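Step one of this worksheet: look at the structure below.
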Amino acid sequence: MIKTRLKEVIDGCFARGVQEKRWSEGGAGKYTVEIPKHENQGDYSTNIALVLAGIEKRNPREIAAQIKTLLEQDEALISSVSIAGPGFVNITVQPAVWQRVIGDIEKAGEAFGRSGIGAARRVMVEFVSANPTGPLSVGHGRQAILGDAIARLLEATGHDVYREYYYNNAGRQMRVLGESARARYRELLDLDYTFPEDGYQGEYIYDVARALQQEYGDRLSNSDDLVPFQAKAEELIFRDISSTLARMGIVFDNYYNERSLYDDGHIDSVVSELRGKGLVYEHDNATWFKTTEFGHEQDRVIIKSSGEPTYRLPDIAYHREKFKRNFDWLINIFGSDHIATVPDVLAGVTALGYDPAKVTVVLHQFVTLMRDGKQVKMSTRKANFVTVDELLDEVGTDAARFFFMMRKPDSQLEFDLDLATRESQENPVYYVQYAYARLCSIIRQARDRGLAILGFGQVDSSLLTQPEEIRILKSMASFPLLVEQAALELEPHRIIFYLMELAGQFHSYYNKHKVITEDTALSQARLCLVGALRTTLGNGLRIVGLSTPEQM
RNA sequence: GCACCAGUAGCUCAGCUGGAUAGAGCAACGGACUACGAAUCCGUAGGUCGGGGGUUCGAAUCCCUCCUGGUGUACCA
């Protein structure tokens, strides 16, 4: 990478300066190399003079002048150096350095942007984790896309990724679900029924009831047993969730059932282990976990006086099992409404002797749905929510993916349904995909005209000197580092913004310069650029799970 | 009350973890198809970065404090 090469050169200059007693070595590692905001400030910029001036109590511009002299000796890499503002050293590299990026991209192909920095570290990404009580809502949609995009980014950077879905098909929620299904079943048979007060009112419960009717006729009309109702509801809802996930191209390696934590004795063993460490006590008939030992404000109940555990206990047990399964990094994608569990779970695993630093929780804010310019209030129970399936029907999988990734997790996401449906043509995803299709089209066009498509080694790349061309080359050169950063920071939105930027640069270039002209040498050089761009844009789209249409 | 997140152009949001003159997309206005794809491009306009202090060569970014919105603060998950 060019930036790291340049950093090494600057480090070399710094070291020489130390050797020649121009400055002390106190500034080592404190200065940075950056891409400046404005193009007239060079390709790269370093604040080394400013940093050293602070330490040495000297004039930064004077130090900058010394750096400039040292840097200018590397003529293979650097074309010019200037000093600007308070003492920034701005560096312009040789055009050939940028032009060679095309060769790198050609060589790497589909691997361009991918890397091995993850060093095959085993990472578990846990996400969605919705209980089978209803279809996935738009909030789940955001989480599904976010989690999958993070998983894909980690895969692209050489991590060994494992996707897991944690669910619970037992307990109160499922009982209410069974009761809801039974009520609808009786309703369909014109029997008297009482719908549970906090029951699930969604239309999908009728689907469950109809399926029961089809399978059992009216044989369940006298049944007090909730099991068949619950089982059918769970089966159908889970099938529905799975198919929604499949539509989005999301595949889990494992579905982890909360109930197995009970069946396998993990719940009990966590309690006894914590008790053995003196971190558990009984009070008011309940069992408490001394979270105050970990700096929390109050202790928490882990087993209610009814004998039933609170959600914290299985959560802690689940995380202990994750640790036992030998992952190097545990990533949880949670909605911000689950924030309360995080400190408790971390306290739990810490108490059990595991390293909480291995756990990273990505909390994402809610999705606000806008319809007719007004916010849609949503509730799973009342079922006045828009499902992911409906959303996919309306805007398509690529657009949905793109929208959900457009915001950083910390920001609330406003999803304007009217805009997404009525004006899906103006969706930014098309802007990027159109650029890709256009690139493909140019290459087709060249072939049709009998123009040979040559490799980087066979063309005169020094002809690529237009500002728009250099700009594109520079952007492409920064792609691998961007992917690394987006992956390690768990921020897929960076890829989205990059793609929009790169697509925009291409559209501008396209409108200003013709690729295929009578000038064969120039055309072939530009076709090389087009090919590299197609690879870069395509890789970017694929890395976050978007499709790459060659025609639209 | 306390904790976490957010507050940047009319709207929706970026801002590479402390850099130079704060950006993009919509929306508004004015232009570009005898053209490798006009799902595109070019231009104009739009700002006390919520307010106020502080840290330093330098702050949208870090610290303190207040204001506003969201979420949580359960023997719900």
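Just so we're clear, the structure is a prediction, and the values are computed from it rather than from any experiment. In what follows, chains carry the letters A, B, and so on, assigned in the order in which the sequence lines appear, proteins first and then strands, with residues in each chain numbered from 1.
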| said: List the residues meeting ring-ring contact (aromatic ring centres under 6.0 Å, His included) with A:Y256, not counting sequence neighbours, and say none if there are none. | reply: A:Y318
| request: Flag this pair as yes if the NZ/CZ of A:R312 is under 6.0 angstrom from the six-membered ring centre of A:F289 and inside a 45 degree cone about the axis; otherwise no. | output: no
| said: Quiz question: going by heavy-atom distance under 3.5 Å, is there a donor-acceptor pair between the base of B:rA20 and the side chain of A:N47? | reply: no
| query | What orientation do A:H493 and A:F497 show, parallel under 30°, tilted 30 to 60°, or perpendicular over 60°? | reply | perpendicular
| Contact class for A:I302 vs. all strands (heavy atom < 4.0 Å): base, sugar-phosphate, or nothing? | nothing
| query | Taking only residues two or more places apart in sequence, or in another chain, which ones meet A:F402 in a ring-ring contact (aromatic ring centres under 6.0 Å, His included)? | reply | none
| field | Nearest-angstrom distance, C1' atom, B:rA77 to B:rG58 | value | 48 Å
| task | Using a heavy-atom cut-off of under 4.0 Å over every strand shown, decide if A:K512 touches base, sugar-phosphate, or nothing. | result | nothing
| Is the closest basic N to carboxylate O distance between A:D11 and A:K7 below 4.0 Å? | yes
| Which distance, rounded to the nearest 0.5 Å, do you find between the CD1 of A:I150 and the CD1 of A:I145? | 11.5 Å
| query | If the P atom of B:rG72 is compared with that of B:rG54, how far apart are they to the nearest Å? | reply | 38 Å
| said: Does the protein touch nucleotides 72-77 of chain B at the base, only the backbone, or not at all? Give it as B, S and - per nucleotide, heavy atoms under 4.0 Å. | reply: SSSBSB
| Whole-Å distance between B:rA22 C1' and A:H38 NE2? | 9 Å
| Phosphate-side-chain proximity, A:Y509 and B:rC36, N/O vs OP1/OP2 below 4.0 Å | no
| said: Between B:rG25 and B:rG46, how far apart are the two C1' atoms, rounded to whole Å? | reply: 14 Å
| query | When the P atoms of B:rC67 and B:rC76 are considered, how many whole Å apart are they? | reply | 34 Å
| query | Is A:H296 touching bases, backbone alone, or none of the nucleic acid, heavy atoms closer than 4.0 Å? | reply | nothing
| With sugar-phosphate meaning primed atoms plus P, OP1 and OP2, does A:T517 contact a base, only sugar-phosphate, or nothing at under 4.0 Å between heavy atoms? | nothing
| query | Is the distance between the ring centroids of A:H364 and A:F334 less than 6.0 Å? | reply | no
| Taking CD1 from A:I83 and C1' from B:rA20, how many angstroms apart are they, rounded to a whole number? | 15 Å
| query | For RNA chain B, which residues in residues 432-442 of chain A have a heavy atom at a distance below 4.0 Å? | reply | A:Y434, A:A437, A:R438, A:S441, A:I442
| task | To the nearest Å, give me how far apart CZ (A:R142) and C1' (B:rC5) are. | result | 11 Å
| request: Return the residues of residues 493-508 of chain A meeting this criterion: a heavy atom under 4.0 Å from some atom of RNA chain B. Order them by number, or give none. | output: A:H493, A:F497, A:H507, A:S508
| query | Base, sugar-phosphate, or nothing for A:Q412, non-hydrogen atoms under 4.0 angstrom? | reply | sugar-phosphate
| said: It should be established whether A:H513 places a side-chain nitrogen or oxygen under 4.0 Å from OP1 or OP2 of nucleotide B:rC36. | reply: no
| message | Distance check, P atoms only: B:rG19 and B:rC62, in whole angstrom units. | response | 11 Å
| message | Quick check for you: among B:rG19, B:rG15, B:rC13, whose closest atom lies nearest to any side-chain atom of A:L50? | response | B:rG19
| Spacing between A:F334 atom CZ and B:rG70 atom P, to the nearest angstrom | 24 Å
| said: If the cut-off is 4.0 Å, is A:T32 near the phosphate of B:rC16, judged by side-chain N/O to OP1 or OP2? | reply: no
| said: For A:E39, is there an ion pair with A:R471 - N to carboxylate O distance below 4.0 angstrom? | reply: yes
| request: For B:rC4 versus B:rC49, give the span between their C1' atoms, rounded off to a whole number of Å. | output: 22 Å
| query | In terms of side-chain heavy atoms, does A:E297 have a donor or acceptor partner in A:T292 at a distance below 3.5 Å? | reply | no
| query | Any side-chain heavy atom of A:F88 within less than 4.5 Å of one from A:L50? | reply | yes
| field | A:V51 or A:Q445, whichever maps to the more 5' nucleotide of RNA chain B | value | A:V51
| task | Sequence neighbours left out, what passes side-chain hydrogen bond (donor to acceptor under 3.5 Å, both in side chains) with A:N90? Give chain and number order. | result | A:S45
| query | Atom CG of A:L488 and atom P of B:rU17: how far apart are they, to the nearest Å? | reply | 13 Å
| said: Considering every strand and a 4.0 Å limit on heavy-atom distances, what is the contact class for A:N59: base, sugar-phosphate, or nothing? | reply: nothing
| query | Residues from residues 522-541 of chain A sitting under 4.0 Å of RNA chain B, heavy atoms only? | reply | none
| request: Indicate the ring-plane relationship of A:Y167 and A:Y255, choosing parallel, tilted or perpendicular according to the 30° and 60° boundaries. | output: perpendicular
| Residues A:E550, A:R534: salt bridge by 4.0 Å N-O rule | yes
| Counterpart residues, salt bridge (charged side-chain N to carboxylate O under 4.0 Å, His left out), relative to A:R401 (two or more places apart) | A:D148
| request: Enumerate, in order of first residue number, the stems that involve RNA chain B, defined as 3 or more consecutive Watson-Crick or G-U wobble pairs with both distances under 3.5 Å. | output: B:1-7 with B:67-73, B:10-13 with B:23-26, B:28-32 with B:40-44, B:50-54 with B:62-66
| request: Could you tell me whether A:E34 and A:K3 have a side-chain N and a carboxylate O separated by less than 4.0 Å? | output: no
| request: By nearest nucleotide on RNA chain B, pick out whichever of A:L413 and A:I35 is the more 5' one. | output: A:L413
| remark: A:M405 CE to B:rC13 P, in whole Å, measures 17 Å
| request: Only counting residues at least two apart or in another chain, list the ones meeting salt bridge (charged side-chain N to carboxylate O under 4.0 Å, His left out) with A:E321. | output: A:K324
| said: For the C1' atoms, the ones on B:rA9 and on B:rG50, what distance do you get once it is rounded to whole angstrom? | reply: 15 Å
| Is A:R275 paired with A:E282 through a side-chain N to carboxylate O contact shorter than 4.0 Å? | yes
| said: Using a strict threshold of under 4.0 Å (side-chain N to carboxylate O), is an ion pair present between A:D284 and A:K304? | reply: no
| message | Nearest 0.5 Å, please: how far is NZ in A:K474 from OH in A:Y44? | response | 8.0 Å
| So, does A:E469 use its side chain to make a donor-acceptor pair with the main chain of A:Q466 at under 3.5 Å? | yes
| task | Could you list the residues that satisfy ring-ring contact (aromatic ring centres under 6.0 Å, His included) with A:F127, not counting sequence neighbours? | result | A:F252
| message | When the P atoms of B:rG52 and B:rU48 are compared, how many Å lie between them, rounded to an integer? | response | 11 Å
| Rounded distance in Å - CD (A:Q41) to C1' (B:rA20) | 5 Å
| query | Quick one: A:E468 CD to B:rU40 C1', roughly how many Å, whole number? | reply | 15 Å
| said: For a quick check of understanding: with a heavy-atom distance under 4.0 Å over all strands, which category does A:A84 fall into, base, sugar-phosphate or nothing? | reply: base
| How does each nucleotide of nucleotides 28-35 of chain B score, in 5' to 3' order, for protein heavy atoms under 4.0 Å: base (B), sugar-phosphate only (S), or none (-)? | --------
| Would you call A:K408 and A:E491 a salt bridge, using N to O less than 4.0 angstrom? | no
